[in-house]
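The structure appears below as structure tokens.
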Amino acid sequence: QVQLVESGGGSVQAGGSLRLSCAASRYTYSSFCMGWFRQAPGKEREGVAAIDSDGSTSYADSVKGRFTISKDNAKNTLYLQMNSLKPEDTAMYYCASDSGGQTTGWVLAPQHLYNYWGQGTQVTVSS
């Protein structure tokens, strides 16, 4: 059974930074597309950033220039570096894997194409 485990969430003041990690078991990231998503209370889950197997990336407009998605294939770990955090970034953050490569690193790809999901890590940004 493939597992994705997020870590790195926490509470931070506006303007601060956090780095989220997503560790995977039993397979490698090298050939998979990956994504970060978030869901705030009362809102739908939305794509934040995505990365293709070749390393190409895309971002939601709301986080462009502030967040960076990356992966370390040797460590089977996906990262989301979040800088200049805002209160509206407060949400549960999830990582997901698309083993079929259908999402092609497109942040707006349909979420049902991701076949593995982590349990989430909470990010809270105070003003």
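For clarity, every value in this text was computed on a predicted model and none was experimentally measured.
When only modelled atom types and interatomic distance are considered, N115 and S99 share a side-chain donor-acceptor pair under 3.5 Å.
Taking CH2 from W36 and OH from Y94, the interatomic distance works out to 12.0 Å, rounded to the nearest 0.5 Å. Taking CG from N83 and OG1 from T68, the interatomic distance works out to 6.5 Å, rounded to the nearest 0.5 Å. Considering SG of C95 and CD1 of I69, their distance stands at 9.5 Å, rounded to 0.5 Å. One distance of note links OG of S11 with CG of L85; it measures 11.5 Å at 0.5 Å rounding. The structure places CZ of R38 at 4.5 Å from CD of E46, a figure rounded to the nearest 0.5 Å. Annotation: the span from S17 atom OG to F67 atom CZ amounts to 9.5 Å, rounded to 0.5 Å.
M82 and Y59 end up in the same hydrophobic cluster when Ile, Leu, Val, Met, Phe, Trp and Tyr side chains are linked at under 4.5 Å. In the hydrophobic cluster analysis, where Ile, Leu, Val, Met, Phe, Trp and Tyr join through side-chain heavy atoms closer than 4.5 angstrom, L78 is grouped together with L18. Cluster annotation: W117 is connected to M92 through the hydrophobic network of ILVMFWY side chains, with a link wherever side-chain heavy atoms come within less than 4.5 Å.
R45 approaches Q111 most closely through the heavy-atom pair NE-OE1, 2.6 Å. Between V125 and Q13, the shortest heavy-atom distance links the atoms CG1-C, 4.0 Å. Residues G47 and A60 share a closest heavy-atom pair of O-CB, 3.5 Å. Taking every heavy atom of both residues into account, D52 and C33 meet most closely at OD1-SG, 3.0 Å. The minimum heavy-atom distance linking P87 with S126 is given by the pair CG-C, 4.5 Å.
No donor-acceptor pair closer than 3.5 Å links the side chain of Q119 to the backbone N or O of E6. Between the side chain of T121 and the main chain of G9, a donor-acceptor pair closer than 3.5 Å is present. In this structure, D98 contributes its side chain and G101 its backbone to a donor-acceptor pair below 3.5 Å. One N or O on the side chain of S25 and one on the backbone of Q3 form a donor-acceptor pair closer than 3.5 Å.
At least one side-chain heavy atom of V123 sits less than 4.5 Å from a side-chain heavy atom of L20. Counting heavy atoms from C-beta on, the side chains of K86 and R66 come closer than 4.5 Å. With a 4.5 Å cut-off on side-chain heavy atoms, M34 and Y79 do not count as touching. Counting only heavy atoms from C-beta outward, the side chains of Q122 and T90 approach each other to under 4.5 Å.
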For C22 and V5: C-alpha separation, side-chain torsions, deciding distance, then whether side chain to side chain contact (heavy atoms under 4.5 Å, CB included) applies. CA-CA 5 Å; C22 173; V5 180; over 6 Å; no
Can you list the steps and then say if F37 with Y114 is a ring pair (Phe, Tyr, Trp, His ring centres under 6.0 Å)? CA-CA 11 Å; F37 299 81; Y114 288 89; 5.0 Å; yes
Applying side chain to side chain donor-acceptor pair (under 3.5 Å), run through D72 and T77 and close with a yes or a no. CA-CA 5 Å; D72 185 330; T77 303; over 6 Å; no
